[in-house]
Protein chains: 2
Amino acid sequence: MTRLRSYGQYCGVAHALELVGERWALLIVRDLILGPKRFTDLRLGLPRIPTNVLTTRLKELEESGVVRRRALPRPAASVVYELTDYGSQLENIVLQLGAWGAQSMGEPKPEDILTADGAVLALRTAVHPERLNATERIGYQLRIGEVQVYAVLSEAALHADAGTLPDPDLVITMADFGTFKPLLTRQLDPAEAVVSGTVQLTGDFALLPRFIDIFCLTDPRPAPV
Amino acid sequence: MTRLRSYGQYCGVAHALELVGERWALLIVRDLILGPKRFTDLRLGLPRIPTNVLTTRLKELEESGVVRRRALPRPAASVVYELTDYGSQLENIVLQLGAWGAQSMGEPKPEDILTADGAVLALRTAVHPERLNATERIGYQLRIGEVQVYAVLSEAALHADAGTLPDPDLVITMADFGTFKPLLTRQLDPAEAVVSGTVQLTGDFALLPRFIDIFCLTDPRPAPV
DNA sequence: CTGGATCCCTCACGATACTG
DNA sequence: CAGTATCGTGAGGGATCCAG
């Protein structure tokens, strides 16, 4: 049933692509990086995926040892999919691939969506950990189109997730999520964006440059671990 | 003609996969990492690829700005494909993907081949640059099945390529290329392999442990640049 | 409501043959 | 050498249906 199409090469890259190179597979891994998810959650994050393809991919990834299927204990009569240890080793590769792809990403097409997971991933990709300092404690709330995500910098670490923060130091709002990437790549000047109303701020305005500094996709980046 | 199937997400990973996520695409990039290649060279390195698919992929990769098609000057009435600067940024990602895939790679199947490029890539992936030292100068010649590749360590850098070396310090020969990966992952004990005849040596035997030490896929690795 | 299974259609892939 | 042409197959896309 699960026929793995071989590339006919004894090569790590070829074998890796046999495991996670099928269409949709790496996007499933991407969504699972942020934590275990149910079938339906994955569907929502991958709006165009046919359910049969999702089923097939999950089976293949499970068989490959990348994903584990786990039944939740009572009372949640449900099932979650999560990355195995082996699958988790893809995390940095997927993030780097995202950073590479983001460079050549233009305006969003009309049918494109931005998920909260996508925004969180973008923050985790873009962050420059070496620029954080231990004494600093900042809470950013982002509203990007419909999605709400937050980023907390404390103890030289980033905590980013979907949802809202109780007392953010700065709320950054943009109606169009097409604004987000130019901001992170410095194609869009923050000050200008605020003046033109493309980006709206609530809170300590002075924390915006710091945000751009910490989350910049184009600055040279020390190698991730 | 070139219809790019969209994933419908405004996300760096999704966009990256639209550029290089099609079947065979990353293997083409992989082969081009080692330098410009002609159409026929690519065919030889990708033994199972249909020529029309290779043509299509090259066009798509060119359109995506990953690959550049360049006509060679006279007298070589020919064409080569090479990575653009943007495409070259995939190098580390592809190597890391190869290291990830190699971990779960079993015995080669009967139809699998090993190309010289594959072996060179494996060496460049497996090398621990931080273990090289500036004073050391070693030339290894490897014969893995039919392929011949060499690795020269000098001035704390690795030079690996297909072909032969004039005066190697150690020649490492293995008839079956299935032996190569277990050696690099320390699943196969070098001393045992030599005693059993799976691996044959000519030259300074004492340089074999050093080889395994420098090229070890499983040891924790400082982040690549 | 979650977690799929089934059906049908289309197009990308794969194999082979052929050409400038 | 560097591709095009042709054609069959099967994986992906999309809608619908079903069991717990």
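Per chain, numbering begins at 1; letters A, B, ... match sequence-line order.
- The ring pair (Phe, Tyr, Trp, His ring centres under 6.0 Å) check on Y81(A) picks up nothing, with sequence neighbours excluded.
- For the OP1/OP2 pair of dA2(D) and a distance below 4.0 Å, the side-chain nitrogens and oxygens of T40(B) include at least one atom meeting the criterion.
- Listed by chain and residue number, H128(A), R131(A), R186(A), C216(A) satisfy the side chain to side chain contact (heavy atoms under 4.5 Å, CB included) test with D219(A) (two or more places apart in sequence, or in another chain).
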Under 4.0 Å protein heavy-atom contact, by nucleotide of nucleotides 13-20 of chain C - B base, S sugar-phosphate only:
SBB-B---
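- A ring pair (Phe, Tyr, Trp, His ring centres under 6.0 Å) check over residues 7-56 of chain A, counting only residues at least two apart or in different chains, returns the pairs Y7(A)-W24(B), Y10(A)-F177(B), W24(A)-Y7(B).
- Residue Y81(A) has a polar side-chain atom (N or O) positioned under 4.0 Å from OP1 or OP2 of dG4(C).
- Rounded to 10°, the angle separating the first-five-pair axis and the last-five-pair axis of the helix from dC1(C)-dG20(D) to dG20(C)-dC1(D) equals 40°.
- A salt bridge links K37(A) to D117(A): one of the charged nitrogens lies within less than 4.0 Å of a carboxylate oxygen.
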Listing, residues 163-170 of chain A side-chain donor-acceptor contacts under 3.5 Å, not counting sequence neighbours, or none:
from, atom 1, to, atom 2, distance (Å)
D169(A), OD2, G139(A), N, 2.6

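- Remark: C1' of dG3(D) and CG of L42(B) are 13 Å apart, rounded to the nearest angstrom.
- Between E62(B) and R69(B) no salt bridge is recorded (no basic side-chain N to carboxylate O distance below 4.0 Å).
- Salt bridge annotation for E60(A)-R57(A): present, with a cationic side-chain nitrogen under 4.0 angstrom from a carboxylate oxygen.
- Between E82(B) and R70(B) there is a salt bridge, since a side-chain N of the basic residue sits under 4.0 Å from a carboxylate O of the acidic one.
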